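Below is one structure; the comments refer to it alone.
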There are 2 protein chains.
Amino acid sequence: MTSTRSTRDGAVDQGVPGSIPSKAADRGIPEATVARLPVYLRALVTLTDQGIATCSSENLATAAGVNSAKLRKDLSYLGSYGTRGVGYDVEYLRYQIAREIGVTQDWPVVIVGIGNLGHALANYAGFSSRGFRVVALLDSDPARVGKELAGLQISGSAALEDLVREHDVAIGVIATPAAAAQEVCDRLVASGVTSILNFAPAVLSVPDGVDVRKVDLSIELQILAYHEQRKALAFGSAARLGDTG
Amino acid sequence: MTSTRSTRDGAVDQGVPGSIPSKAADRGIPEATVARLPVYLRALVTLTDQGIATCSSENLATAAGVNSAKLRKDLSYLGSYGTRGVGYDVEYLRYQIAREIGVTQDWPVVIVGIGNLGHALANYAGFSSRGFRVVALLDSDPARVGKELAGLQISGSAALEDLVREHDVAIGVIATPAAAAQEVCDRLVASGVTSILNFAPAVLSVPDGVDVRKVDLSIELQILAYHEQRKALAFGSAARLGDTG
DNA sequence: CCCTGTGAATATTTTCACAGCA
DNA sequence: TGCTGTGAAAATATTCACAGGG
């Protein structure tokens, strides 16, 4: 470990120069809560679509798939946006959460690697509707460069640095094969990207201050397989199968 | 909450009939550890590919992107597979983890919803190489039914129940639009599926004993956006922007 | 009353630090 | 000696349970 200390949320505590460490300015929301805010946001949008204007913590918790104590605790980190005895105004809470997450503004995003998955990501509608705008698609395969996809022309990878700077991109999506991921990551970071969503099955190493989140299909399946195996052992021939220990 | 109690790992504690609750039989591995085992497994495969036969916890931790204390603690739940003063035998440890996860056997999987994403999932190579075999592709769109993809013919959704039973499928992948997800989920569960990987942006409700994992692009992006916003506030015009508090 | 917001109690996860074995 | 395996401590996260405002 170096002398820079990681905070709870995996970001970096660099003792920000002119900042006052007052409780209000440094409203440190727990990472577990941050990860659930988008879920609440989506649930609130669903409620709005159903014409529901007010909801209790119980209603919203059900819609979000959590229990109401957790929901209330999570919301308490943002402030007091409910009314005791009544509940929450759906629109108002939705706006407050969107603002807290930072999706009241639009984030430009680049996608690198337009194979099967990159293709699907580029066409994903939820992107644009939720505060993100795909501004560039990049691929190193000359056969793909120049093709149009989701209203954009696929650029060659040489254009990466220029495109990131031109559009002031802070968030990059990597959907390349594992072997290319680290190099792409390095180039994105060098160009100014400070958040990366990685779909490549590789561990990325990045400097402090850069956030990486990883989405990995086969890891998710393996986690399910573990639980399946336990269920099978529990119900089937008890503790016998394959246990050579 | 009903009277069945959830265990730490989100599965169900049904007081398994004939099982002995001895420490060895009920090797309850913490969920956080279970989620990392596939990462270690992949790192070990990478080390093998590089011709490395032995590694220290430090080596493996670096390859997996965690710290060595965490790695050793995690591995300690599986047993003592290392050698003090030496390290771990890569092949041996790889096999032990694969067995613990349950990927020494092959799991049949169905994918429901063959749009952009389902298409990409069906073609995903990592599937077959990691203990999973796609045995059926299903879609409700007649225009897609009958088309061939990744060596399989797409079936109409009416065939769901038969296919699940025929192949004894325990794991289902949902890649339909949100509106269809719950119905598909219900049908999968009714046919015998007990683990679901959900790519649809919807909260699924399932009976006790069924595990659901969710993968959601826009949630991941929003989590990154939150941290981006914090970084921007920290470095930019300090704590002023949009903070009307 | 009803339902939010929150301290306090529990549970889980991570990290430390070192005993103990090859 | 060097590195694993693990109790104990610290940090996080979840749940309980109830004070308090509308």
Side-chain angles (χ1 to χ4, degrees), chain A residues 1-2 5-11 13 23 27-37 39-40 44 52-90 92-93 96-97 100 223, chain B residues 1-2 5-11 13 23 27-37 39-40 44 52-90 92-93 96-97 100 223:
Chain A
M1 283 268 158
T2 66
R5 291 181 314 171
S6 298
T7 59
R8 153 186 59 210
D9 56 17
D13 179 355
K23 201 53 171 285
R27 276 217 305 286
I29 300 182
E31 184 59 19
T33 295
V34 170
R36 283 187 294 265
L37 292 180
V39 179
Y40 303 153
L44 287 164
I52 296 169
T54 301
C55 67
S56 66
S57 63
E58 191 64 40
N59 298 155
L60 182 53
T62 301
V66 303
N67 71 51
S68 62
K70 193 187 281 180
L71 172 79
R72 288 200 304 279
K73 181 61 113 178
D74 284 341
L75 294 185
S76 78
Y77 292 114
L78 312 193
S80 292
Y81 295 138
T83 308
R84 288 167 198 239
V86 179
Y88 302 93
D89 180 280
V90 172
Y92 180 62
L93 184 58
Q96 294 301 337
I97 293 180
E100 189 73 43
I223 295 169
Chain B
M1 282 271 159
T2 65
R5 289 183 314 171
S6 298
T7 58
R8 157 184 57 212
D9 56 15
D13 179 355
K23 201 52 172 289
R27 280 217 302 284
I29 299 181
E31 183 60 17
T33 295
V34 169
R36 281 186 297 264
L37 292 180
V39 179
Y40 302 153
L44 287 165
I52 296 168
T54 302
C55 67
S56 67
S57 64
E58 193 63 39
N59 297 154
L60 181 53
T62 301
V66 302
N67 70 52
S68 62
K70 194 186 280 183
L71 173 79
R72 288 201 305 280
K73 182 60 115 179
D74 284 341
L75 294 185
S76 77
Y77 292 114
L78 312 193
S80 291
Y81 296 138
T83 308
R84 287 167 199 241
V86 179
Y88 302 93
D89 180 281
V90 172
Y92 180 63
L93 184 58
Q96 294 301 338
I97 293 180
E100 189 73 42
I223 294 169

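Letters A, B, ... are given to chains in the order of the sequence lines, protein chains preceding strands, and every chain is numbered from 1. Computed from a prediction, not measured in an experiment: that's the story for all the values here. Values below: every heavy atom of this structure, side chains too, minus hydrogens, waters and symmetry copies.
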Original post:
Under a 3.5 Å cutoff on both atom distances, Watson-Crick or G-U, what's the dot-bracket for DNA chain C ([ ] crossing, | other strand)?
Top reply: ||||||||||||||||||||||

Original post:
Does a nitrogen or oxygen in the side chain of B:Ser57 sit under 4.0 Å from OP1 or OP2 of D:dC3?
Top reply: no

Give every pair of a protein N or O atom and an N or O atom of nucleotides 19-22 of chain C that lie under 3.5 Å apart, one pair per line with the distance.
from, atom 1, to, atom 2, distance (Å)
C:dG20, N3, B:Arg84, NH1, 3.2

Subject >> Distance-minimising heavy-atom pair for A:Gly82 and A:Tyr88 >> reply: CA-CD2, 3.4 Å

Subject >> Distance-minimising heavy-atom pair for B:Tyr40 and B:Leu75 >> reply: CD1-CD2, 4.4 Å

Original post:
B:Leu60 CG to D:dC3 C1': how many Å, rounded?
Top reply: 14 Å

Original post:
A:Glu58 has an atom CD; how far is it from atom P of C:dT4, in whole Å?
Top reply: 9 Å

Subject >> Rounded interatomic separation in angstrom, taking CZ from A:Arg72 and P from D:dT15 >> reply: 12 Å

**OP:** Could you pull out all residues at least two apart from B:Ser56 that satisfy side-chain contact (heavy atoms from CB on, under 4.5 Å)?
**Re:** B:Glu58, B:Asn59

**OP:** Kindly say if B:Tyr88 contacts the phosphate of D:dG5, meaning a side-chain N or O under 4.0 Å from OP1 or OP2.
**Re:** yes

Original post:
Are A:Tyr81 and A:Tyr92 close enough that their ring centres sit under 6.0 Å apart?
Top reply: yes

Original post:
Roughly how many Å is it from CG in B:Leu71 to P in D:dT6, rounded to a whole number?
Top reply: 14 Å

Original post:
Going by heavy atoms in the side chains, are A:Ile29 and A:Glu100 under 4.5 Å from each other?
Top reply: yes

**OP:** Would you mind reading off the distance between A:Gln96 atom CD and C:dT4 atom P, rounded to a whole angstrom?
**Re:** 17 Å

Original post:
Taking only residues two or more places apart in sequence, or in another chain, which ones meet A:Ala63 in a side-chain contact (heavy atoms from CB on, under 4.5 Å)?
Top reply: A:Ala43

Original post:
Rounded to the nearest Å, what distance is computed from the CZ atom of residue A:Arg36 to the C1' atom of nucleotide D:dT15?
Top reply: 12 Å

Original post:
Who passes side-chain contact (heavy atoms from CB on, under 4.5 Å) against B:Ala61, sequence neighbours left out?
Top reply: B:Val66, B:Ser68, B:Leu71

Original post:
Going by heavy atoms in the side chains, are A:Glu31 and B:Ile223 under 4.5 Å from each other?
Top reply: yes

Original post:
Taking CD from B:Glu31 and P from C:dT13, how many angstroms apart are they, rounded to a whole number?
Top reply: 8 Å

Subject >> Phosphate contact (D:dT15 OP1 or OP2) by A:Asn67 side-chain N/O below 4.0 Å >> reply: yes

Distances for protein N/O vs nucleotides 7-10 of chain C N/O pairs under 3.5 angstrom?
from, atom 1, to, atom 2, distance (Å)
C:dG7, N7, A:Lys73, NZ, 3.3

Original post:
Do the non-hydrogen side-chain atoms of B:Val90 and B:Thr54 ever get within less than 4.5 Å of each other?
Top reply: no

**OP:** Return the minimal non-hydrogen interatomic distance between A:Val39 and A:Ala64, and the atom names on each side.
**Re:** CG1-O, 3.5 Å

**OP:** Give the rounded distance in Å between these two atoms: CG of B:Leu93 and P of D:dC3.
**Re:** 17 Å

Original post:
Do any pairs count as a salt bridge (charged side-chain N to carboxylate O under 4.0 Å, His left out) and have a residue in residues 61-78 of chain B, sequence neighbours left out, and if so which ones?
Top reply: B:Arg36-B:Asp74

Original post:
Does C:dT13 have OP1 or OP2 sitting under 4.0 Å from an N or O in the side chain of B:Lys70?
Top reply: no

